[in-house]
Amino acid sequence: QVQLVESGGGLVQTGGSLTLSCAASGRTFSRYAMGWFRQAPGKEREFVSGISNSGGTTAHTDSVKGRFTIYRDNAKNTVYLRMTSLKPEDTAVYYCAAYFIARPVGTPGVWGQGTQVTVSS
């Protein structure tokens, strides 16, 4: 069973940057696409970014394109979300997720516990 542990969240000012990390247990990390989702207070969880198992394909929701970068290190069983030019509307709990397929489509199979990101204005 894959387990995911996020880290790197915190409080940052508008325009600042943060890098989230998600460490995965197990030996099959390189088989799975990975994704980052977020949920703001009173809103539904939404897709933020996804990356294929090899790292060759990425996808981002429109609101973060040009500001967020997703990448992975399969040797370290870790996926990252580099967030720059942060805005107050990026404030949310960010969740790492694993898809049991090679591309980040559909519903992930495993979720992390989440890490809070707060952007102050």
Side-chain angles (χ1 to χ4, degrees):
Q1 180 73 8
V2 175
Q3 293 185 323
L4 306 174
V5 178
E6 302 101 330
S7 60
L11 174 65
V12 63
Q13 292 184 335
T14 296
S17 301
L18 279 175
T19 298
L20 305 182
S21 301
C22 173
S25 63
R27 300 181 179 179
T28 56
F29 178 76
S30 62
R31 297 182 186 178
Y32 305 144
M34 299 294 294
W36 287 96
F37 291 72
R38 66 186 179 187
Q39 187 167 18
K43 296 186 177 181
E44 294 187 353
R45 189 176 299 188
E46 66 170 348
F47 171 82
V48 176
S49 301
I51 188 167
S52 63
N53 64 326
S54 67
T57 301
T58 62
H60 300 275
T61 193
D62 286 346
S63 63
V64 308
K65 285 180 180 177
R67 300 188 299 121
F68 290 13
T69 303
I70 186 171
Y71 57 101
R72 65 192 294 162
D73 185 340
N74 285 348
K76 295 183 178 180
N77 279 16
T78 303
V79 63
Y80 305 90
L81 184 68
R82 175 64 175 169
M83 306 183 293
T84 64
S85 301
L86 283 161
K87 306 174 181 180
E89 51 264 43
D90 294 318
T91 294
V93 177
Y94 283 71
Y95 297 90
C96 175
Y99 299 81
F100 291 141
I101 53 176
R103 300 191 70 180
V105 294
T107 302
V110 178
W111 297 85
Q113 82 287 352
T115 185
Q116 177 71 46
V117 172
T118 303
V119 185
S120 63
S121 57

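- Residues passing the side chain to side chain donor-acceptor pair (under 3.5 Å) test with Ser63 are Arg38, sequence neighbours excluded.
- To the nearest 0.5 angstrom, Cys22 atom SG is 10.0 Å from Arg72 atom CZ.
- In the displayed structure, Glu89 atom CD is contacted under 6.0 Å by more than 12 heavy atoms of other residues, nucleotides or ligands.
- The two atoms that bring Gly112 and Tyr95 nearest to each other are O-CD2, 3.6 Å, heavy atoms only.
- Within the hydrophobic cluster formed by Ile, Leu, Val, Met, Phe, Trp and Tyr side chains joined at under 4.5 Å, directly or through other members, Tyr71 is accompanied by Tyr80.
- Residues Tyr99 and Gly106 approach most closely at CE2-O, 3.4 Å, considering heavy atoms.
- Annotation: ring pair (Phe, Tyr, Trp, His ring centres under 6.0 Å) contacts involving residues 4-28, sequence neighbours excluded, are absent.
- With rounding to the nearest 0.5 angstrom, the OG atom of Ser120 is 5.0 Å from the CD atom of Gln13.
- When the shell of 6.0 Å around CD of Gln3 is examined, it contains 12 or fewer heavy atoms from other residues, nucleotides or ligands.
- Rounding to the nearest 0.5 Å gives a distance of 9.5 Å between CG of Leu11 and CD of Gln116.
- In summary, the side chains of Arg103 and Ser52 do not present any donor paired with an acceptor at a separation below 3.5 Å, with no hydrogens or angles considered.
- In this structure, Phe68 shares a hydrophobic cluster with Val2, Leu4, Val12, Leu18, Leu20, Phe29, Tyr32, Met34, Trp36, Val48, Ile51, Val64, Ile70, Val79, Leu81, Met83, Leu86, Tyr94, Phe100, Val110, Val117, Val119, the cluster being traced through Ile, Leu, Val, Met, Phe, Trp and Tyr side chains under 4.5 angstrom apart.
- Distance check, rounded to the nearest 0.5 Å: NZ of Lys87 to OG of Ser121 gives 14.0 Å.
- The heavy-atom pair separating Ala102 from Ala33 by the smallest distance is O-CB, 3.4 Å.
- With sequence neighbours excluded, the residues that form a salt bridge (Lys or Arg N to Asp or Glu O under 4.0 Å) with Lys65 are Asp62.
- Ser49 is not listed as a side-chain neighbour of Thr58, based on a closest heavy-atom distance of 4.5 Å or more.
- Within 6.0 Å of the CZ atom in Arg45, the count of heavy atoms belonging to other residues, nucleotides or ligands exceeds 12.
- For Gln39 (side chain) and Ala92 (main-chain N/O), no donor-acceptor pair under 3.5 Å exists by modelled atom type.
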Residues Thr84, Ser17; criterion side chain to side chain contact (heavy atoms under 4.5 Å, CB included); working and verdict
CA-CA 4 Å; Thr84 64; Ser17 301; 3.6 Å; yes
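- Between Phe47 atom CZ and His60 atom NE2 the span is 8.0 Å, to the nearest 0.5 Å.
- Residues forming a side chain to side chain donor-acceptor pair (under 3.5 Å) with Arg67 (at least two apart in sequence, or on another chain): Asp90.
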